[in-house]
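Have a look at the structure below before the remarks.
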Amino acid sequence: MSLSLLSRYAFFVGCVLFTLLSLPFLYHEWLWPFTLATAILSLIGIFDLIQVPHSVRRNYPILGNIRYAVETIRPEIRQYLLESDSDALPFSRAQRSLVYARAKNESADKPFGTLIDVYQSGFEFISHSMRPAPLSDPNQFRVTVGGPQCTQPYSASIFNISAMSFGSLSANAIRALNKGAKLGNFAHDTGEGSISPYHRENGGDLTWELGSGYFGCRTEDGRFDPERFAKQAQDPQVRMIEIKMSQGAKPGHGGILPKHKVTQEIADTRGIPMGEDCISPSRHSAFSTPFEMMQFIAQLRELSGGKPVGFKFCLGHPWEFMGIVKAMMDTGILPDFIVVDGTEGGTGAAPVEFTDHMGVPMREGLLFVHNTLVGVNLRDKIKLGASGKIVSAFDIASVLSIGADWANSARGFMFAIGCIQSQSCHTNKCPTGVATQDPLRQRALVVPDKAQRVFNFHRNTLHALAEMLAAAGLDSPDQLEAKHLVRRMSATEIQLFSQSHVFLQPGQLLNGVVDDSFYSRMWRMARADSFEPNEID
C-alpha cells in the first residue's frame, strides 16, 4: 500500500515540498521560475484532489492530467503519424491527398504501382477495352434534369456539391464553394439551412434543399409557408428544389444546430429565434402519406414556376419507397429527380449508433431505387443522383455504373477548401475555418484561393473520369453499365456487378413476373395511401 501511495502522490507531494522549502530562498533570482512552476502544479494537484468528475485525477494528482492531454491530441497523432495511407477514418490519407492535389492543380500521378492489395476480397475496378475511345470533353458531362411535368429543366453537371448548410459551414466556406461552382458551371446544394446571403454573393447555381424545418419558408410555428417559398424559389439562381426526407449519417433522426453556433445571420436566414437550439424535426409536417407527398411535390413545382422538384433520402424500409412509387402511378405526379444518400454519408454531428448502424448503404439503396423505377417503366422519366463518400473519378464511375445519372460530394469539396478531417465540426472550433461560426477562425479561409481550388477539384476529377471512360472504350458517362464494374468476391473469383446483383427488366413489377422474391414481396407490402406496410402471408 505504501508503495502504491508513493507512486500516486509522490510528484504532487514533491511539488508542494519544493514550493514551501524554496520560499525562504527566493532572493536567489534563478530560483523564481522553479518555485512559480511548482506552485502552479501544486494548485493543480489540490484542485485534482477535490474535483469530482475524474477519478484518475483524484488518484493521480497532476500526473493524471497527462492522460487527458494525450487523449485530446490522439486523433491528430493517429492521423499524421500512425495511420497508413489506406486507413479510412472515415477518409484515408490517400483519398485526402488525391483531393488536395487536384484542388491545388498539382499532379496526382503515382509512381511504382498501386498500394492496394488487388487480390483482397472487395477490390473493385472498371474493366477496360482493347480498343480505347478518343478522349471526351469533360465539359459535356451533363444531364438534363426535369421530367415531363417540369417547364424549367436544368442542365446539371454529373458532379456537384452535396448538401451542406450555412450554419454547419462558415460564411467563407459557403462563399468559396458557391464561387467555385460558378466558375465550373455546376450546382451547389444549400443544405437544409436555407439560402443565405453568402450563397447569393457569387451567383452559382443552387439546389435549394427543403428539410423538415422548412427553413427560409416557415411560419412562426415551424410549418411550411407557400408564399415565402415561392418568393425564394422563383429566384433565377435557384435551379432545383430538393425535399430532404432523410440523410445517410442519421436517417430518421432529424437534426440540431447547437445554440452556440446560431448567430443572428443564421437566425435571419432560417427564420428562427436567437438563443435556442435550431431543431429539424425527424419528419415533415406538410405531408404524412405517399399520396400527400406527391401532392406536395406538385405544389412546390407550381410555386417555383415549373422548376425541377425531387427528394433526397437514405433507403430504410424498402416498402416505403415502393409505396411512394405506387403513389406516383396513382396520382400521375412524378418527381423530376431522386438523390439516394447512404449510411456512409457525413454530417456535422450524429449519434454513433445512427452513424454506424442505421440506414442502407448508398450502393444498395441506389440499386433498389433504380430497379424499382425500371420495374414500373418510370426510370426514363426520373433522374437519379447519388451521394456518400464520393471523392474520385472511380467513385463517380462506380455509382453511374449501377444506375445513377450524377454524383454529389460534400466532404470531397470540404477537403478542396481546406478541411483536414479534424472531426471537430460540432465544436465550433474547426481549425481551418470550414465548419465554424467563429469570425476569427473562418477569416483563415481565403475565399478567392479556395474557390479556385473548388473549381480545380471539379475540373480535374471530371478529366480523370474522361480518361477512365476512354480506356473503357466509352464516349460518355451515360454509357457506363453494371457490366463495366467488377468486384473481387474471393481469392479465386471476380464478378461483374451485372452478375452479382439483380437487375429488373422494364415493367416487371407491373406484370408480376419478378424472379426475385424480395422485390416481389416488398411490392406487395407497399401502399400508396400510407407508409405502413400491407400485411401479407
Side-chain angles (χ1 to χ4, degrees), residues 143 145-150 243 245-246 289-291 293-294 297 308-342 359-386 398-407 478-485 495-537:
V143 57
V145 184
Q149 298 164 354
C150 171
I243 303 169
M245 298 293 290
S246 60
T289 68
F291 271 139
M293 181 180 172
M294 293 305 103
I297 286 175
V309 178
F311 63 93
K312 179 183 83 171
F313 81 125
C314 174
L315 181 66
H317 299 318
W319 61 82
E320 291 184 344
F321 175 72
M322 284 188 163
I324 292 173
V325 174
K326 285 187 174 181
M328 295 178 197
M329 298 170 61
D330 289 351
T331 62
I333 301 169
L334 304 180
D336 297 291
F337 65 91
I338 299 170
V339 175
V340 181
D341 202 357
V360 175
M362 181 261 290
R363 286 190 179 183
E364 284 72 18
L366 173 63
L367 183 57
F368 180 80
V369 171
H370 170 76
N371 267 337
T372 302
L373 295 178
V374 168
V376 296
N377 294 323
L378 289 179
R379 182 62 185 88
D380 61 331
K381 299 177 178 64
I382 300 172
K383 293 297 190 291
L384 290 184
S398 65
V399 296
L400 297 184
S401 297
I402 56 177
D405 294 298
W406 84 85
D478 60 5
Q479 293 177 323
L480 279 166
E481 298 180 17
K483 66 185 179 184
H484 297 115
L485 184 60
Q495 286 187 359
L496 309 181
F497 262 59
S498 56
Q499 294 176 274
S500 57
H501 290 77
V502 173
F503 287 86
L504 299 189
Q505 297 301 310
Q508 271 192 295
L509 288 174
L510 297 178
N511 58 35
V513 185
V514 182
D515 295 332
D516 186 81
S517 61
F518 170 73
Y519 280 93
S520 176
R521 183 177 179 82
M522 292 302 105
W523 184 248
R524 287 184 285 123
M525 290 175 65
R527 298 170 54 183
D529 63 335
S530 174
F531 286 110
E532 296 296 324
N534 282 318
E535 295 297 330
I536 62 175
D537 295 331

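Computation of the quantities below employed the complete heavy-atom set of this structure, encompassing side-chain atoms and omitting hydrogens, waters and symmetry-equivalent molecules.
- Counting only distance, with no hydrogens or angles, the side chain of Ser246 and the backbone of Cys314 share a donor-acceptor pair below 3.5 Å.
- A distance of 12.5 Å separates CE in Met322 from CZ in Arg521, rounded to the nearest 0.5 Å.
- Contact between Leu366 and Ile402 at its shortest, heavy atoms only, is CD2-CG1, 3.7 Å.
- The shortest distance between side-chain heavy atoms of Ser398 and Arg363 falls below 4.5 Å.
- For the residue pair Ile382 and Pro335, the shortest heavy atom distance occurs at CG1-O, 3.4 Å.
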Practice task
For side-chain contact (heavy atoms from CB on, under 4.5 Å), just list the numbers for Val376 and Leu509, CA-CA rounded to whole Å, side-chain angles, deciding distance to a tenth of an Å, and then say yes or no.
Solution key: CA-CA 6 Å; Val376 296; Leu509 288 174; 4.1 Å; yes
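- Judged by distance alone, with hydrogens and angles left aside, the side-chain atoms of Asp341 form no donor-acceptor pair with the main-chain N or O of Phe313 at under 3.5 Å.
- Interatomic distance, CG of Leu400 versus CD of Gln479, reported as 12.0 Å (0.5 Å rounding).
- Cation-pi geometry between Lys326 and Trp319 is not satisfied (NZ or CZ under 6.0 Å from the ring centre, within 45° of the ring normal).
- Formation of a donor-acceptor pair under 3.5 Å by the Asn371 side chain with backbone atoms of Leu504 is found in this model.
- Between Phe503 and His370, the ring-plane angle classifies as perpendicular under the 30° and 60° cut-offs.
- The shortest side-chain heavy-atom distance between Met245 and Met293 falls under the 4.5 Å cut-off.
- Taking CD of Gln149 as the reference point, atom CD1 of Ile297 lies at 9.5 Å (rounded to 0.5 Å).
- In this structure, the separation between CD1 on Ile338 and NZ on Lys312 is 14.0 Å, given to the nearest 0.5 Å.
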Exercise for the section: Could you please spell out the steps behind the side-chain contact (heavy atoms from CB on, under 4.5 Å) verdict for Val360 and Phe368? Expected result: CA-CA 10 Å; Val360 175; Phe368 180 80; over 6 Å; no
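- Heavy-atom minimum distance, Ala526 versus Gly323: CB-N, 3.4 Å.
- The two atoms that bring Ala404 and Ala386 nearest to each other are CB-CB, 4.0 Å, heavy atoms only.
- Asp405 pairs with exactly one of Lys383, Lys381, Arg379 by the salt bridge (Lys or Arg N to Asp or Glu O under 4.0 Å) rule, that one being Arg379.
- Within the 4.5 Å cutoff, side-chain heavy atoms of Phe311 are placed close to those of Ile324.
- Nearest heavy-atom pair across Met328 and Met294 is CG-SD, 3.6 Å.
- A donor-acceptor pair is defined here as one N or O able to donate and one able to accept, closer than 3.5 Å; no such pair exists between the side chain of Glu364 and the backbone of Leu315.
- Residues Phe337 and Leu384 fail the side-chain proximity criterion, which asks for heavy atoms closer than 4.5 Å.
- Asp336 contributes no side-chain N or O that, together with a main-chain N or O of Val145, makes up a donor-acceptor pair within less than 3.5 Å.
- From Met522, atom CE reaches atom OG of Ser517 across 9.0 Å, with rounding to the nearest 0.5 Å.
- The shortest non-hydrogen separation linking Asp529 to Pro290 is C-CD, 4.1 Å.
- If you take CD1 on Ile536 and CZ on Arg524, they are separated by 4.0 Å, rounding to the nearest 0.5 Å.
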